[in-house]
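Starting from 1, each residue takes its place in the sequence as its number. As the structure is a computational prediction, the values presented were derived from the model and not from experiment.
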Amino acid sequence: MDEQPEAAVAGPPLDRRAELSEFLRSRRARLKPEDVGLPDFGRHRRVPGLRREELAQLAGVSVAYYTRLEQGNGRNVSAEVLDSIARALRLTDAEHAHLTHLAKPKSHKKRPAARQQHVRPALRQLLDTMEGVPAYVVGRRSEILAWNRMAAAVFGDWEDLPAAERNWARLVFLRPEYRELFVDWEQKAIDIVCALRMDAGCWPDDPRLSALVGELSVKSEEFRRLWATHDVKEKSHGVKRLHHPLVGDLALNFESFRLSDGTDQSLLVYHAEPGSPSAESLRLLASWGTDATRAGTSAQPLRPRRSPSP
């Protein structure tokens with residue numbers, strides 16, 4: 001199952017210089033002098049976190065040089081300097097990559113960010129063969145591009161949504177039923193915003209991404225709060241806990257596989273521990289077929305479909 005999202009209203013491109021400036025400020029603000037072995041003079045500090053001169057000293061660059069970078073001027077910064085600043089700021093690998101994308105953006109002239117995203121036919125066939133496990137493909141801007149029947153049974157019947165609404169950010173922040181579906185809704189929201197921040201670093205000129213960020217900023221106070229943190233991270237595996245309206249609580253392990261074909265797409269697969277109540281619940285959902293594709297609705301539990309008599 002898949003369908004490309006309809007053309008979204010284009011928004012102004014994200015200001016890469018402002019993104020770079022705010023990201024560096026936010027990372028510097030979260031560090032305390034004692035975190036990096038510097039003396040803390042407490043009451044004499046006017047700003048939270050490290051001062052610019054302290055960060056510059058730790059990174060081995062001049063205060064003027066670092067100040068220009070924090071003001072959004074990363075045009076001539078070298079990879080070595082970025083590495084030093086990343087170490088001084090204690091950045092994670094994902095944050096380091098984000099900093100590099102913001103400071104030294106790559107040219108995407110051959111692959112415009114706003115182009116339509118397509119899922120390879122062979123990958124769609126693979127999804128269809130994955131019976132018993134929910135699986136889907138997600139692309140840039142958190143767009144849900146393709147999925148199998150079990151994903152619809154667990155997460156909702158995306159086939160009934162307009163193509164432009166098949167987007168994890170819109171679902172989680174704008175549709176109340178997904179607050180009920182995810183036991184830890186806040187963590188799911190954080191993960192989505194972090195992924196969108198990564199996209200913003202890679203594709204700052206994407207008009208559809210900026211339109212999405214603008215829409216969510218207007219419609220969701222939670223999104224505005226999380227977007228302002230400038231946090232970035234990637235999650236390749238973990239456990240997702242759901243409260244499904246038909247089968248109750250589910251604990252599903254997930255694995256995320258980033259495709260290496262340059263499409264900026266990832267395949268996500270969920271599975272339950274063998275023999276667990278969640279595994280039995282997945283089996284039950286599979287037996288209900290299309291009747292189970294009502295996650296997040298007020299539908300009453302349905303009886304499994306009986307096999308036809310021989």
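- Minimum interatomic distance between Glu159 and Arg166 (heavy atoms only, all atoms of both residues): O-NH2, 3.2 Å.
- Contact check for Leu99 versus Lys104: no side-chain heavy atoms found under the 4.5 Å cut-off.
- Interatomic distance, Gln265 CD to Phe257 CZ, rounded to the nearest 0.5 Å: 15.5 Å.
- Residues Tyr65 and Val77 come closest through the heavy atom pair OH-CA, 3.3 Å.
- Phe223 is listed as a side-chain neighbour of Val213, based on a closest heavy-atom distance under 4.5 Å.
- Using a 4.5 Å heavy-atom cutoff, the side chains of Val154 and Leu252 are in contact.
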Steps toward salt bridge (charged side-chain N to carboxylate O under 4.0 Å, His left out) verdict (Asp231, Arg27): CA-CA 9 Å; Asp231 288 342; Arg27 301 308 89 174; 2.9 Å; yes

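- Side-chain contact between His271 and Leu282 is absent, with no heavy atoms from C-beta onward closer than 4.5 Å.
- Of all the heavy atoms in Ala153 and His244, the pair that sits closest is O-NE2, 2.7 Å.
- Asn167 and Ile144 make their closest contact through N-CD1, 4.2 Å (heavy atoms, listed as atom of the first residue, atom of the second, distance).
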Residue pair Ile190, Lys233: steps toward the side-chain contact (heavy atoms from CB on, under 4.5 Å) verdict: CA-CA 10 Å; Ile190 290 172; Lys233 64 180 177 181; 4.1 Å; yes

Stepwise side-chain contact (heavy atoms from CB on, under 4.5 Å) check, Leu268 with Val138: CA-CA 8 Å; Leu268 282 92; Val138 64; 3.5 Å; yes

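- With rounding to the nearest 0.5 angstrom, the CD atom of Gln187 is 12.5 Å from the CZ atom of Arg241.
- Of all heavy-atom pairs between Asp249 and Ser278, the closest is O-OG, 4.2 Å.
- Using a 4.0 Å cut-off between charged side-chain N and carboxylate O, Arg141 and Glu215 make no salt bridge.
- Salt-bridge annotation for Glu222 and Arg225: absent, with no side-chain N of the basic residue lying under 4.0 Å from a carboxylate O of the acidic one.
- For Asp128 and Arg149, the salt-bridge test fails: no basic side-chain N is under 4.0 Å from an acidic carboxylate O.
- Each of Tyr270, Trp147, Tyr178 was scored for a ring-ring contact (aromatic ring centres under 6.0 Å, His included) with Phe155, with one residue passing: Tyr270.
- No donor-acceptor pair under 3.5 Å is formed between the side chain of Asp199 and the backbone N or O of Leu209.
- The minimum heavy-atom distance between Thr229 and Leu226, with the atom names listed, is OG1-O, 2.6 Å.
- Screening Leu50, Ile85, Leu31 against Leu58 for a side chain to side chain contact (heavy atoms under 4.5 Å, CB included) leaves a single residue, Leu50.
- Between Tyr136 and Trp158, a ring centre-to-centre spacing shorter than 6.0 Å is recorded.
- Trp168 is listed as a side-chain neighbour of Lys188, based on a closest heavy-atom distance under 4.5 Å.
- The main-chain N or O of Ala97 is found under 3.5 Å from a side-chain atom of His101 such that the two form a donor-acceptor pair.
- With values rounded to the nearest 0.5 angstrom, Asn73 atom CG is found 11.5 Å from Thr67 atom OG1.
- For Arg224, the CZ atom is densely surrounded, since the number of other residues' heavy atoms within 6.0 Å is greater than 12.
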side-chain contact (heavy atoms from CB on, under 4.5 Å) assessment of Met150 paired with Val133: CA-CA 6 Å; Met150 280 303 297; Val133 294; 6.0 Å; no

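- Between the side chain of Arg124 and the backbone N or O of Ala146 there is no donor-acceptor pair closer than 3.5 Å.
- Residues Leu69 and Val63 fall into different hydrophobic clusters, defined by Ile, Leu, Val, Met, Phe, Trp and Tyr side chains chained together at heavy-atom separations under 4.5 Å.
- To the nearest 0.5 Å, the span separating OH on Tyr66 from CZ on Arg52 amounts to 7.5 Å.
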Candidate pair Leu123 and Leu259, rule side-chain contact (heavy atoms from CB on, under 4.5 Å), full reasoning: CA-CA 10 Å; Leu123 186 53; Leu259 306 185; 3.5 Å; yes

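- Counting only heavy atoms from C-beta outward, the side chains of Arg175 and Leu161 approach each other to under 4.5 Å.
- Using a cutoff of 4.0 Å between basic side-chain nitrogens and carboxylate oxygens, Glu54 and Arg28 are not scored as salt-bridged.
- Ionic pairing of Asp264 and Arg140 is present here: one or more N-O contacts between side-chain nitrogen and carboxylate oxygen are shorter than 4.0 angstrom.
- Two residues are said to be in side-chain contact when any heavy atoms from C-beta on lie closer than 4.5 Å; Leu285 and Val247 meet this criterion.
- Taking CH2 from Trp227 and SG from Cys194, the interatomic distance works out to 10.0 Å, rounded to the nearest 0.5 Å.
- The distance from atom CE of Met198 to atom CD of Glu95, rounded to the nearest 0.5 Å, is 9.5 Å.
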For residues 13-26, tabulate all N or O donor-acceptor pairs below 3.5 Å that involve a side-chain atom, not counting sequence neighbours.
from, atom 1, to, atom 2, distance (Å)
Asp15, OD1, Arg17, N, 3.1
Asp15, OD1, Ala18, N, 3.2
Arg16, NH1, Leu102, O, 2.5
Glu19, OE1, Arg197, NH1, 2.2
Glu19, OE2, Arg197, NH1, 3.3
Ser21, OG, Arg25, NE, 3.3
Ser21, OG, Glu70, O, 2.6
Glu22, OE1, His230, NE2, 3.0
Ser26, OG, Glu22, O, 3.2
Ser26, OG, Phe23, O, 2.7

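- Looking at heavy atoms from C-beta onward, Thr92 lies out of side-chain contact with Val232 at the 4.5 angstrom threshold.
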